[in-house]
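Quick notes on the structure that follows.
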Number of protein chains: 2
Amino acid sequence: MKDRAPVPSPHPAQDVTEHVGYRLKKASAALRGAMDKALREHGLTVPQYSCLELLDERPGLSNADLARGTFVTRQSANVVLRGLKEAGLITQATSTDHGRALPVHLTPAGLERLHAARGAVYAIEERMIENIPARRLTALLADLDTMTGNLEA
Amino acid sequence: MKDRAPVPSPHPAQDVTEHVGYRLKKASAALRGAMDKALREHGLTVPQYSCLELLDERPGLSNADLARGTFVTRQSANVVLRGLKEAGLITQATSTDHGRALPVHLTPAGLERLHAARGAVYAIEERMIENIPARRLTALLADLDTMTGNLEA
DNA sequence: TCCGGCATGTCAAAATACTGACATGAAAGA
DNA sequence: TCTTTCATGTCAGTATTTTGACATGCCGGA
């Protein structure tokens, strides 16, 4: 009739909500919600904040770079950048001598806004991992990377 | 975006891309992308598949139940349900004798579609965790839950 | 009993993200 | 050199998701 093939997984997982993917999504959704709420008080959305953070870390990233860094399409990133430009938080070169990518930089206002919002976001991350031992956190980071790599392959 | 040499130092986290939240989002995005691609061949979106899976596990869930279970708003879940109804994959009671929640159930076609798609999704999850030891996976699940709980509190 | 708190379903509107498509510029190879 | 290939920015259209709001139906305590 149909394949009732029992899942030969390392964990029983008879319940969908016990699956790794479900837990991953759940944790990610919880973090997103908390960040969303906290950032609203600073007049930023999560994608906007993500862009600012990336630009502070690596000034001059292009629209496509930011799209990859925030896990959205170029088109979506473009909309976010337009909003940040209108808010005066970033500047983007209108031309370039080499290549087609237009580098983006934070304005002083953008940096200031980032610094104001960063505390709230970092506090959330702190709270999220507060009772997880450092050793397990290291393993967690490594395993998340492994999973990501396994899917990209 | 050029790759930055990932130094496995857990605590300082001087680079944003080393933060737990970033890794979490990255892994979640990778999983979402893989599921999206696989489910497209079965004519399902990720939210649709999620609803079918939940309904198979717990028949009679309401729209609000499914919204919570898929981590979206009631309104979004409502749209998803409408699509599933039009596709004939689910049925929803139009009235109830007690309360306001309208229970949803899978149709035979819905169950069949779920079984067809499930294999592809489970294979993705398998691949995602294939080289992660069972002990670490157990810890991972627990830590994801801890993080979620820390944020809900 | 009555009433305030709560959860639910639903409508409308806006915001957000995606797919598909196209032109441009650069690098690599024949 | 010429051509192919690829990455980028951008436009248009669609789909998805959210915020805000409102009416309905339970349940508890006053």
Side-chain angles (χ1 to χ4, degrees), chain A residues 25 28-41 43-51 60-87 90-105, chain B residues 1-3 25 28-41 43-51 54 60-87 90-105:
Chain A
K25 189 175 180 181
S28 194
L31 175 59
R32 168 71 182 235
M35 286 180 64
D36 224 50
K37 181 182 170 189
L39 286 173
R40 189 164 311 173
E41 299 171 8
L44 289 175
T45 65
V46 172
Q48 285 176 337
Y49 167 78
S50 302
C51 280
L61 288 182
S62 69
N63 177 37
D65 290 329
L66 293 167
R68 277 187 293 271
T70 56
F71 315 112
V72 295
T73 60
R74 292 196 306 276
Q75 294 87 335
S76 294
N78 199 317
V79 175
V80 174
L81 282 188
R82 220 170 295 170
L84 289 172
K85 262 183 279 187
E86 280 184 16
I90 63 166
T91 57
Q92 184 174 27
T94 54
S95 67
T96 177
D97 53 345
H98 179 276
R100 196 149 189 253
L102 303 174
V104 181
H105 290 271
Chain B
M1 185 166 55
K2 323 62 175 156
D3 274 1
K25 189 174 179 181
S28 193
L31 175 59
R32 169 71 183 234
M35 286 180 65
D36 224 50
K37 181 182 171 189
L39 286 172
R40 189 164 310 174
E41 299 171 8
L44 289 174
T45 65
V46 172
Q48 285 176 337
Y49 168 78
S50 302
C51 280
L54 284 173
L61 288 181
S62 69
N63 177 37
D65 290 330
L66 292 167
R68 276 187 294 269
T70 56
F71 315 112
V72 295
T73 61
R74 292 197 306 278
Q75 295 86 333
S76 295
N78 199 315
V79 175
V80 174
L81 282 189
R82 218 170 298 170
L84 289 173
K85 261 184 278 188
E86 280 185 16
I90 63 166
T91 57
Q92 184 173 28
T94 56
S95 68
T96 177
D97 53 345
H98 179 277
R100 200 153 185 246
L102 303 174
V104 181
H105 290 271

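Numbered from 1 within each chain, the chains take letters A, B, ... in sequence-line order. In what follows, every heavy atom counts, from backbone to side chain, and hydrogens, waters and symmetry copies are set aside.
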ask   = Which comes earlier along DNA chain C counting from the 5' end, the contact point of A:V72 or that of B:Q92, where each point is its nearest nucleotide?
value = B:Q92
ask   = Relative to the 5' end of DNA chain C, which residue comes earlier, A:G99 or A:T73, by the nucleotide with the nearest heavy atom?
value = A:T73
Does [N] have its OP1 or OP2 closer than 4.0 Å to a side-chain nitrogen or oxygen of [X]?
{"X": "B:H98", "N": "C:dT8", "result": "no"}
{"X": "A:N78", "N": "D:dG9", "result": "no"}
{"X": "A:S76", "N": "C:dT16", "result": "no"}

So which nucleotide from [options] ends up closest to the side chain of [X]?
{"X": "A:R100", "options": "D:dT19, C:dG20, C:dT24", "result": "C:dT24"}
{"X": "A:R32", "options": "D:dT17, D:dC26, C:dA17", "result": "C:dA17"}
{"X": "A:A64", "options": "D:dT8, C:dT19, D:dT17", "result": "D:dT8"}
{"X": "A:D65", "options": "D:dT8, C:dT10, C:dA17", "result": "D:dT8"}
{"X": "B:R40", "options": "C:dT19, C:dA12, C:dG9", "result": "C:dT19"}
{"X": "A:A101", "options": "C:dT19, C:dG9, D:dT8", "result": "D:dT8"}

key: Verdict with reasoning, A:V46 to B:K25, per side chain to side chain contact (heavy atoms under 4.5 Å, CB included)   = CA-CA 12 Å; A:V46 172; B:K25 189 174 179 181; 4.1 Å; yes
ask   = Do B:L61 and B:L54 pass the side chain to side chain contact (heavy atoms under 4.5 Å, CB included) test, and can you show the C-alpha distance, the side-chain angles, and the key distance before you say yes or no?
value = CA-CA 8 Å; B:L61 288 181; B:L54 284 173; 4.2 Å; yes
ask   = Start at the 5' end of DNA chain D and walk down; is the nucleotide closest to A:L102 or to B:A77 reached first?
value = A:L102
remark   = By nearest-nucleotide position on DNA chain D, the 5'-leaning member of B:Q48 and A:P103 is A:P103
When the distance from [atom1] of [X] to [atom2] of [N] is rounded to whole Å, what number comes out?
{"X": "A:L39", "N": "D:dT19", "atom1": "CG", "atom2": "P", "result": "13 Å"}
{"X": "A:L66", "N": "D:dT10", "atom1": "CG", "atom2": "C1'", "result": "16 Å"}
{"X": "A:D36", "N": "D:dT19", "atom1": "CG", "atom2": "P", "result": "7 Å"}
{"X": "A:R74", "N": "C:dT16", "atom1": "CZ", "atom2": "P", "result": "21 Å"}
{"X": "B:L44", "N": "D:dT16", "atom1": "CG", "atom2": "P", "result": "12 Å"}
{"X": "A:R68", "N": "D:dG9", "atom1": "CZ", "atom2": "C1'", "result": "13 Å"}
{"X": "A:Q75", "N": "C:dT16", "atom1": "CD", "atom2": "C1'", "result": "13 Å"}
{"X": "A:E86", "N": "C:dT16", "atom1": "CD", "atom2": "P", "result": "12 Å"}

Taking [X] for the side chain and [Y] for the main chain, is one N or O donor matched with an acceptor at less than 3.5 Å?
{"X": "A:T70", "Y": "A:L66", "value": "yes"}
{"X": "B:D36", "Y": "B:G33", "value": "no"}
{"X": "A:N78", "Y": "A:Q75", "value": "no"}

task = Please lay out, stage by stage, how A:L102 and A:T96 fare under the test side chain to side chain contact (heavy atoms under 4.5 Å, CB included).
result = CA-CA 7 Å; A:L102 303 174; A:T96 177; 4.2 Å; yes
